[in-house]
Amino acid sequence: MLAPKSKADYAFLLHGLYHLKSSGTMAIVLPHGVLFRGAAEGKIREKLLRAGNIYAVIGLPANLFYNTSIPTCIIVLKKHRDGRDVLFIDASRKFEKGKKQNAMTDEHIDSVIELYNRRETVEKESFLAEFEDIEKNDFNLNIPRYVDNFEQEEEIDLNALLNDMKQTEEEINRTQGEFVSMMKDLTSSDAGINQTLNDLIRMIER
């Protein structure tokens, strides 16, 4: 299996897998493109999956590393193992937002490790895909194909919204009335200033 010259991602992956002990496990951080790109990379991915080498795919948050803002993933591989299932974990939302980059806390990391060790499907977080599931997806490992993390937006209560708008309008009118009342108490020995105050009061009361 030769990686394409234009993309070195699979070259690094295959190099690490080649040097792995027969009972060893390796993890490599790569861009998401390796999960779904076709051509030579797609053929390499298919062979790795058929051989059972790909053990887990973990999607990480975006803007996690200094040198890139794109989201990345961890691919866990084993040289030899029984079975060809793949565990998918979506950890893309497990982060604390920072000024320049995001960070995963110990709590976030522990939750990913727990999902990895459990190796089972957890709604909106992980999915244990059988080889047949992956084969039906043409060996595409794009995480959203397996882990649905869609959050249903809360429905808007129109009646409550209208009541809030009505209360806000009443509050504005009350505040405006108090403001005009205070302005009417203002006086000045300067006839020009008094005229300006009166004009302003009439404008507000329209």
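Atom set for the values below is all heavy atoms of this structure, side chains included, hydrogens, waters and symmetry mates excluded.
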**Q.** Side-chain heavy-atom pair His32, Ile70 within 4.5 angstrom cut-off
**A.** no
Q) Looking at CD1 of Ile28 and OG1 of Thr72, how far apart are the two atoms once the value is rounded to the nearest 0.5 Å? A) 11.5 Å
Q | Atom pair OG1 (Thr168) and CE (Met165), whose distance is rounded to the nearest 0.5 Å | A | 8.0 Å
Q) Would the number of heavy atoms belonging to other residues, nucleotides or ligands and lying under 6.0 Å from CD of Glu123 be above 12? A) no
**Q.** Any side-chain donor near an acceptor of the partner, Thr105 and His108, under 3.5 Å
**A.** yes
Q: Please identify each residue that fulfils salt bridge (Lys or Arg N to Asp or Glu O under 4.0 Å) with Glu132, with sequence neighbours left out.
A: none
Q: Work out which heavy atom in Ile89 is nearest to a heavy atom in Leu87; give both atom names and the distance.
A: CD1-CD2, 3.9 Å
Q. Is it the case that Arg145 places NZ or CZ above or below the six-membered ring of Phe127, under 6.0 angstrom from the centre and within 45 degrees of the axis?
A. no
Q: State the CG-NZ distance between Leu64 and Lys94, to the nearest 0.5 angstrom.
A: 13.5 Å
Q: Measure from the side-chain N and O atoms of Asn142 to the backbone N and O of Leu35, and report whether any donor-acceptor pair falls under 3.5 Å.
A: no
Q: Please confirm whether the backbone N or O of Ser92 pairs with a side-chain atom of Asp90, one donor and one acceptor, at under 3.5 Å?
A: yes
Please list, one pair per line, the donor and acceptor atoms closer than 3.5 Å that link side chains of residues 11-19 to other protein atoms, with sequence neighbours excluded.
none

Q) Is the backbone N or O of Lys78 less than 3.5 Å from a side-chain atom of Thr25, with the two atoms forming a donor-acceptor pair by type? A) no
Q: Using the rule that two of Ile, Leu, Val, Met, Phe, Trp, Tyr join whenever any of their side-chain heavy atoms come within less than 4.5 Å, decide whether Leu141 and Leu77 are in one cluster.
A: yes
Q | Results of salt bridge (Lys or Arg N to Asp or Glu O under 4.0 Å) for Lys79 - residues two or more places apart only | A | none
(Q) Would you call the rings of Phe88 and Tyr146 parallel, tilted or perpendicular, taking 30° and 60° as the class edges? (A) parallel
**Q.** Cluster link Val86 to Val112, ILVMFWY, side chain under 4.5 Å
**A.** no
(Q) Would you compute the distance between atom CG of Leu48 and atom CD1 of Ile75 and round it to the nearest 0.5 angstrom? (A) 8.5 Å
Q: Apply ring pair (Phe, Tyr, Trp, His ring centres under 6.0 Å) to Phe36 and list each qualifying residue two or more places apart in sequence or on a separate chain.
A: none
Q) Can you tell if the side chain of Tyr10 reaches within under 4.5 Å of the side chain of Arg45, non-hydrogen atoms only? A) yes
**Q.** Distance (rounded to the nearest 0.5 Å) between Glu125 CD and Arg118 CZ
**A.** 8.5 Å
Q. Do the side chains of Ile113 and Val29 join up, straight or via other hydrophobic residues, at under 4.5 Å, putting them in one cluster?
A. yes
**Q.** For Cys73 against Val34, the heavy-atom pair lying closest together
**A.** SG-CG2, 4.4 Å
Q) Got a donor-acceptor contact below 3.5 angstrom from the Asp133 side chain to the Glu130 backbone? A) yes
Q. With sequence neighbours left out, what residues match Arg50 under salt bridge (Lys or Arg N to Asp or Glu O under 4.0 Å)?
A. Glu46, Glu135
Q.
Would you say CD of Glu107 has more than 12 non-hydrogen atoms from neighbouring residues, nucleotides or ligands within 6.0 angstrom?
A. no
**Q.** Side-chain (Arg81) to main-chain (Ile54) donor-acceptor, under 3.5 angstrom
**A.** yes
(Q) In this structure, would Ile134 and Val76 fall into the same cluster of hydrophobic residues linked by side-chain contacts under 4.5 Å? (A) no
Q: Answer yes or no: are there more than 12 heavy-atom neighbours, outside Asn117 itself, under 6.0 Å from its atom CG?
A: yes
Q. In Å, rounded to the nearest 0.5 Å, how long is the span from CG of Leu115 to CD of Glu120?
A. 9.0 Å
Q.
Test your reading of the model: is there a side-chain donor-acceptor pair from Asn102 to the backbone of Ala62, 3.5 Å cut-off?
A. yes
Q. Going only through I, L, V, M, F, W and Y residues with side-chain contacts under 4.5 Å, is there a path from Met104 to Val57?
A. no
Q. For Ala56, does its backbone N or O pair with a side-chain atom of Arg119 as donor and acceptor, under 3.5 Å?
A. no
Q | Which residues share a salt bridge (Lys or Arg N to Asp or Glu O under 4.0 Å) with Glu171, sequence neighbours left out | A | Arg174
